[in-house]
Amino acid sequence: MSVKKTSAEKRFAQSEVRRLHNKAIRSKCHTAVRKFMEAVMAKDQKDAEVKLSALTKELDTARSKGVLTRNSVSRKKSRMQKLYNVTFAAK
């Protein structure tokens with residue numbers, strides 16, 4: 001004879017799955033930021049441009065999945081674009 005799960009147990013299981021899913025998406029964003037920062041610190045403009053594009057895509061994906069809020073994504077994208085522009089400004 002099997003024992004039925006309570007609704008609280010079911011909610012806990014669902015929230016745990018969601019937590020791990022969100023954590024993976026957030027981790028991808030952090031990795032993209034780190035790779036972009038490494039490219040900027042190395043003064044590699046081509047690589048930084050590619051990494052910035054990848055970072056933007058990861059942030060937009062996290063936003064569309066509801067992991068990050070619209071304002072936090074906009075803020076992060078703006079700061080990274082500003083860093084890119086300041087670092088590689090035509091002199």
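We use all heavy atoms of the structure for the numbers below, so side chains are in, but hydrogens, waters and symmetry mates are not.
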- request: Return yes when atom CZ of Arg11 has more than 12 non-hydrogen atoms of other residues, nucleotides or ligands closer than 6.0 Å, and no otherwise.
  value: no
- prompt: Got a sec: does the CZ of Arg75 have more than 12 other heavy atoms crowding it under 6.0 Å?
  reply: yes
Going from [atom1] on [X] to [atom2] on [Y], what distance comes out if it is rounded to the nearest 0.5 angstrom?
X     : Y     : atom1 : atom2 : value
Thr87 : Met41 : OG1   : CE    : 7.0 Å
Arg70 : Ser64 : CZ    : OG    : 14.5 Å
Lys28 : Thr61 : NZ    : OG1   : 8.0 Å
Thr31 : Lys51 : OG1   : NZ    : 11.5 Å
Phe88 : Lys46 : CZ    : NZ    : 11.5 Å
Lys5  : Lys10 : NZ    : NZ    : 9.0 Å

Do you know which two heavy atoms are closest between [X] and [Y], and how far apart they sit?
X     : Y     : value
Val73 : Leu59 : CG2-O, 3.7 Å
Glu58 : Cys29 : O-SG, 3.7 Å
Lys4  : Glu9  : O-OE1, 4.4 Å
Lys77 : Asp60 : NZ-OD1, 2.9 Å

- prompt: Can you get from Leu20 to Phe12 by hopping between Ile, Leu, Val, Met, Phe, Trp and Tyr side chains that sit under 4.5 Å apart?
  reply: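 Different clusters: Leu20 never reaches Phe12 through Ile, Leu, Val, Met, Phe, Trp or Tyr contacts under 4.5 Å.
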- request: Report yes or no: do Val17 and Val67 belong to one cluster of Ile/Leu/Val/Met/Phe/Trp/Tyr joined by side chain heavy-atom distances under 4.5 Å?
  value: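 In one cluster: no.
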Can you tell if the side chain of [X] reaches within under 4.5 Å of the side chain of [Y], non-hydrogen atoms only?
X     : Y     : result
Val50 : Ser53 : no
Asn85 : Gln81 : yes
Met37 : Leu83 : yes

- request: Applying salt bridge (Lys or Arg N to Asp or Glu O under 4.0 Å), name anything that partners Glu49, two or more places apart in sequence or on another chain.
  value: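 In terms of salt bridge (Lys or Arg N to Asp or Glu O under 4.0 Å), with neighbours along the sequence ignored, Glu49 is linked to no residue.
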query: Who pairs with Lys23 by side chain to side chain contact (heavy atoms under 4.5 Å, CB included), at least two apart in sequence or on another chain?
result: Arg19
- request: Start with the C-alpha gap between Val33 and Leu55, add the side-chain angles, then the distance that decides, and say whether side chain to side chain contact (heavy atoms under 4.5 Å, CB included) holds.
  value: CA-CA 6 Å; Val33 168; Leu55 169 59; 3.5 Å; yes
- prompt: Is a side-chain N or O of Ser72 found less than 3.5 angstrom from the main chain of Leu68, in a donor-acceptor match?
  reply: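 Pair absent, no side-chain N/O of Ser72 close to backbone of Leu68.
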- prompt: Which residues pass the side-chain hydrogen bond (donor to acceptor under 3.5 Å, both in side chains) test with Asp47, sequence neighbours left out?
  reply: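 Scan of Asp47 (side-chain hydrogen bond (donor to acceptor under 3.5 Å, both in side chains), adjacent residues dropped) gives none.
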